[in-house]
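Report on the structure given below.
Owing to the predicted nature of the structure, the values given are computational and were not obtained by experimental measurement.
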Amino acid sequence: MTAAEPDALCDGMRTVKIVLATLLSAGVLSGLIAAAVIYAGLFNVAATDPHWPATSWVLERARVRSIQVHAAGLTPPAGYDAPSRIVASVGHFSEHCATCHGAPGAKQGDVAEGMYPRPPSLKQAASRYTSGELFWILKHGIKMSGMPSMESDGDAMLWSTVAFLEKLPRMSDEAYNDLWMQAQAAGGMDHGAMNMDGANPVGQPEDGHTVAPAGAGTGSAQTPPAGHSYK
């Protein structure tokens, strides 16, 4: 080792220490500034004040990656998209989802107008997420978005709702309304009606025929789901 080598090594170590100290100081300073901003109430949490672009970018990236990682390996069970289960899932969708997200022939409810982020239309949800990711979102919800967890509805119902969402892009207003009428004739949404052994939902006639809801007459197939109105 030459005489100059120890000096070079010392200089290198000194540089590393300076860099580490600078990064640590910058981190501490950033933390103090963030704490000051929060404590002073400068960050506006009002739904009427949109996120800063950088905040939106970070939250969007975090949401997408979190869903992808946590839903990895989730696959739908056999028969999750059976016709009888689709009917039951429409009852679930109309009760729990349509108010915020809208439905074929039915606009979003007034409450969705004031939400931030605003609930999106689910017409193209199946093109953005895998079946497993849709299931994970329904089951666990999304923090700070207004999207609740529906875990209490049971996995079978949630998988059937996934199947409905996958059919939604090609579903006409009339087809949706017909499924909704069938769901009402079958007793709406029954949390205990769904199982994965191929049985029909409780109240669904075995022959596939339905009875119109009480009070429905000729032309009732065009009646929008309760609580909603056509655009």
Side-chain angles (χ1 to χ4, degrees), residues 6-76 92-93 95-103 107-155 157-159 161-162 165-166 168-169:
D7 293 337
L9 182 60
C10 289
D11 289 342
M13 293 295 293
R14 189 177 300 109
T15 300
V16 170
K17 289 179 180 179
I18 292 173
V19 170
L20 291 176
T22 301
L23 291 175
L24 179 61
S25 298
V28 171
L29 180 61
S30 297
L32 291 174
I33 293 174
V37 169
I38 292 172
Y39 186 77
L42 298 179
F43 181 80
N44 192 349
V45 298
T48 52
D49 184 46
H51 286 310
W52 301 325
T55 305
S56 295
W57 186 89
V58 170
L59 292 176
E60 178 67 9
R61 298 287 82 73
R63 181 185 63 80
V64 170
R65 285 299 298 147
S66 177
I67 293 170
Q68 290 173 341
V69 170
H70 287 89
L74 288 175
T75 55
H92 179 268
F93 181 87
E95 289 186 33
H96 294 283
C97 309
T99 296
C100 288
H101 296 283
K107 65 180 182 179
Q108 292 174 298
D110 292 341
V111 67
E113 297 285 342
M115 296 179 68
Y116 184 80
R118 182 169 178 174
S121 167
L122 298 181
K123 271 279 190 180
Q124 303 304 322
S127 67
R128 297 195 300 269
Y129 302 100
T130 66
S131 299
E133 289 167 356
L134 288 172
F135 173 81
W136 189 89
I137 292 169
L138 289 170
K139 184 169 183 175
H140 299 286
I142 304 292
K143 291 178 180 177
M144 296 181 290
S145 71
M147 175 62 194
S149 163
M150 297 184 181
E151 186 174 19
S152 62
D153 292 336
D155 286 4
M157 178 60 80
L158 298 183
W159 276 118
T161 304
V162 169
L165 292 175
E166 291 174 339
L168 194 56

Taking the side chain as every heavy atom from C-beta outward, state whether [X] and [Y] have any atom pair closer than 4.5 Å.
| X | Y | value |
| --- | --- | --- |
| Ile18 | Thr22 | yes |
| His51 | Tyr116 | yes |
| Leu165 | Tyr129 | no |
| Gln124 | Arg128 | yes |
| Val28 | Leu32 | yes |
| His96 | Asp153 | yes |

Gap between atom [atom2] of [Y] and atom [atom1] of [X] - 0.5 Å precision:
| X | Y | atom1 | atom2 | result |
| --- | --- | --- | --- | --- |
| Ser56 | Arg63 | OG | CZ | 11.5 Å |
| Ser30 | Leu23 | OG | CG | 10.5 Å |
| Trp159 | Leu134 | CH2 | CG | 8.5 Å |
| His70 | Glu133 | NE2 | CD | 12.5 Å |

### Task
List the steps, then state whether side chain to side chain contact (heavy atoms under 4.5 Å, CB included) holds for Leu20 with Val16.
CA-CA 6 Å; Leu20 291 176; Val16 170; 3.9 Å; yes
### Task
Would you please classify the geometry between the Trp52 ring and the Phe43 ring as parallel, tilted or perpendicular, with 30° and 60° separating the classes?
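Rings of Phe43 and Trp52: perpendicular, over 60°.
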### Query
Under 3.5 Å, is there a donor-acceptor pair between the side chain of His101 and the main chain of Ser121?
no
### Query
Judged by atom type as modelled, is there a donor-acceptor pair below 3.5 Å linking the side chain of Lys107 to the main-chain atoms of Gly102?
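No, Lys107 side chain to Gly102 backbone: no donor-acceptor pair under 3.5 Å.
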### Task
Please test Gln68 against Thr130 for side chain to side chain contact (heavy atoms under 4.5 Å, CB included), starting from the C-alpha separation and ending with a verdict.
CA-CA 9 Å; Gln68 290 173 341; Thr130 66; over 6 Å; no
Which donor-acceptor pairs under 3.5 Å do the side chains of residues 136-149 make with protein atoms, sequence neighbours left out?
from: Lys139; atom 1: NZ; to: Asp155; atom 2: OD1; distance (Å): 3.2
from: Ser145; atom 1: OG; to: Ile142; atom 2: O; distance (Å): 2.8
from: Ser145; atom 1: OG; to: Met147; atom 2: N; distance (Å): 3.2
from: Ser149; atom 1: OG; to: Lys139; atom 2: O; distance (Å): 2.6
from: Ser149; atom 1: OG; to: Glu151; atom 2: N; distance (Å): 3.3

### Query
Any chance CG of Asp110 has more than 12 other-residue heavy atoms, nucleotides or ligands included, within less than 6.0 Å?
no
### Task
Taking all heavy atoms of Pro119 and all of Cys100, pick out the closest pair and write down the distance.
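Heavy-atom minimum between the residues: CB-O, 3.5 Å.
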